[in-house]
Q: 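Quick one: structure below, then a few questions.
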Amino acid sequence: MKFRAKIIDVGCLNHFTRVVTTISKVTKTCVLRLTPDQLFFVLSGKVANGGVSMWCELSQANFFDEYQLDGVSAEANEICLEVTPENLSRALKTAQNAKAIKVKLTKKHCPCLTIAAELPTLSSTSRVVTHDIPVDVIPRRLWHDFKEPSMPDFDVSIYLPPLKTLKNVVDRMKNLSNFLVMEANMSGEMNLKIETDLVSVTTHFKDLGNPVWGDDGSQGGGQAQGHDPEVTAHARVDIRKLQQFLVGQQVNPSQAMCNIVDSRMIHLILLYEDVSLQYFIPAVA
């Protein structure tokens, strides 16, 4: 079982750092799933138990100049590691001016992701800063928990307003209530609502547009398309879980969408060129 990779391009390094930093704001620990072509950051909270789930997918070729992987076996050519994304983010941030960074799976006092940053120097001698980030290797029998989540059979799919605007609204509402109702329809309208014994606040968004999805969950038609455009779907969620997702956004997405399964779940999707991030927040009664 071997893994080594190298990033030389500073733009790729900065972009990868932003992705990891975003994930570190969302969760304290997650699973890094490495395959020959892609990397996945996975949080497998059981929605039925009230936990959030996350699935972030990156194409390795868009980030790494060199990438070698020998998985658990020939037929299971993958490696799954439990990592603390904050530690990974911190190590990458110290290497922002590096000429190159190497990432390698090593065995020190425990399994580690070792990040070696080759820093620029005025002399002919090279300067390398090394970070050993402890990880847990996840046995193959548990891998089934870290497969891509299926697209929920949603009732409404809608584009989100600018994330900064959404975050400002949610931040203000959090001061008034622990729970928020998100409701939307297929006419491009979305409301964020809180209700307490003392106050009722609603923020309206309109003309947001609605994505078109295929029957297989790809964008292109189907699923929510046949619904009455004026009928709303809603979900009441823990406002802290929504805020946690919005606080961490270091990657400015080209598309941000929300699928609502009425009274059951909010499914948030961010797309940015070579990165996709999905986040699932269960509804509360």
Side-chain angles (χ1 to χ4, degrees), residues 18-33 39-58 80-89 136 138 142-161 163-164 166-171 173-174 177-184 190 192-194 217 233-251 253 255-272 275-285:
R18 283 195 296 272
V19 173
V20 174
T21 302
T22 293
I23 289 161
S24 73
K25 305 285 187 186
V26 172
T27 178
K28 287 187 169 64
T29 61
C30 68
V31 169
L32 172 58
R33 182 177 158 214
L39 296 84
F40 306 92
F41 290 94
V42 188
L43 176 62
S44 183
K46 296 291 186 283
V47 170
N49 300 334
V52 298
S53 300
M54 176 193 71
W55 177 268
C56 183
E57 186 172 331
L58 300 81
C80 285
L81 307 170
E82 186 173 47
V83 300
T84 303
E86 173 63 27
N87 293 343
L88 188 55
S89 170
D136 288 323
I138 294 174
L142 300 178
W143 285 6
H144 63 271
D145 286 338
F146 309 110
K147 298 299 181 187
E148 182 171 8
S150 56
M151 175 69 76
D153 188 13
F154 51 82
D155 297 288
V156 165
S157 183
I158 192 166
Y159 288 112
L160 290 172
L163 295 184
K164 198 168 184 179
L166 197 59
K167 177 183 176 298
N168 290 339
V169 171
V170 171
D171 284 348
M173 288 183 163
K174 182 176 174 284
S177 176
N178 292 326
F179 300 98
L180 171 148
V181 174
M182 182 181 279
E183 63 180 20
M190 186 175 81
L192 301 182
K193 301 198 298 190
I194 56 166
H234 76 282
R236 182 173 182 259
V237 297
D238 184 333
I239 201 166
R240 291 167 303 174
K241 290 173 180 172
L242 179 58
Q243 187 193 39
Q244 192 174 30
F245 172 77
L246 294 169
V247 160
Q249 293 319 313
Q250 308 282 318
V251 179
Q255 284 188 320
M257 295 168 275
C258 174
N259 299 329
I260 301 176
V261 183
D262 192 51
S263 303
R264 287 188 50 216
M265 182 201 304
I266 290 173
H267 173 212
L268 300 160
I269 307 168
L270 302 184
L271 301 177
Y272 177 94
V275 180
S276 70
L277 174 63
Q278 299 181 61
Y279 193 69
F280 302 80
I281 307 176
V284 293

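The basis for the numbers below is simple: all heavy atoms, side chains too, and nothing from hydrogens, waters or symmetry mates. Quick caveat, the model's predicted, so the values are computed rather than measured.
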Q: Could you walk me through whether Val261 and His267 pass side-chain contact (heavy atoms from CB on, under 4.5 Å), step by step?
A: CA-CA 8 Å; Val261 183; His267 173 212; over 6 Å; no

Q: Do you know which two heavy atoms are closest between Ser177 and Ile239, and how far apart they sit?
A: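 The pair with the smallest heavy-atom distance is O-CG2, 3.5 Å.
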
Q: Apply side-chain contact (heavy atoms from CB on, under 4.5 Å) to Leu270 and Leu163, showing your working.
A: CA-CA 10 Å; Leu270 302 184; Leu163 295 184; 4.0 Å; yes

Q: Does any part of the side chain of Gln244, heavy atoms only, come nearer than 4.5 Å to the side chain of Val52, both counted from C-beta?
A: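 Val52 vs Gln244: side chains apart.
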
Q: Using modelled atom types only, decide if a donor and an acceptor are shared between the side chain of Arg236 and the backbone of Val181 within a distance under 3.5 Å.
A: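 Between the backbone of Val181 and the side chain of Arg236 there is no qualifying donor-acceptor contact (under 3.5 Å).
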
Q: Can you name the nearest heavy-atom pair linking Met54 to Val26, along with the distance?
A: SD-CG1, 4.1 Å

Q: Picking from Tyr279, Phe280, Phe40, Phe146, what satisfies ring-ring contact (aromatic ring centres under 6.0 Å, His included) with Trp55?
A: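 It is Phe40; the other options fail the test.
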
Q: Would His234 and Lys193 count as a side-chain contact (heavy atoms from CB on, under 4.5 Å) here? Give the steps.
A: CA-CA 10 Å; His234 76 282; Lys193 301 198 298 190; over 6 Å; no

Q: Side chains of Leu166 and Met190: closer than 4.5 Å at any heavy-atom pair?
A: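 Yes; the side chains approach each other to less than 4.5 Å.
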
Q: Looking only at heavy atoms, which two atoms of Val20 and Ser89 are closest? And how far apart?
A: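 Heavy atoms of Val20 and Ser89 come nearest at CG1-N, 3.7 Å.
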
Q: Count the heavy atoms belonging to other residues, nucleotides or ligands that lie under 6.0 Å from NZ of Lys147, then report whether that count exceeds 12.
A: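 Atom NZ in Lys147 is packed in, count exceeds 12.
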
Q: Answer whether the closest heavy-atom distance between the side chains of Ser276 and Ile269 falls below 4.5 Å.
A: no

Q: If you look at every heavy atom in Asp155 and Asp262, which pair is closest and at what distance?
A: OD2-N, 2.7 Å

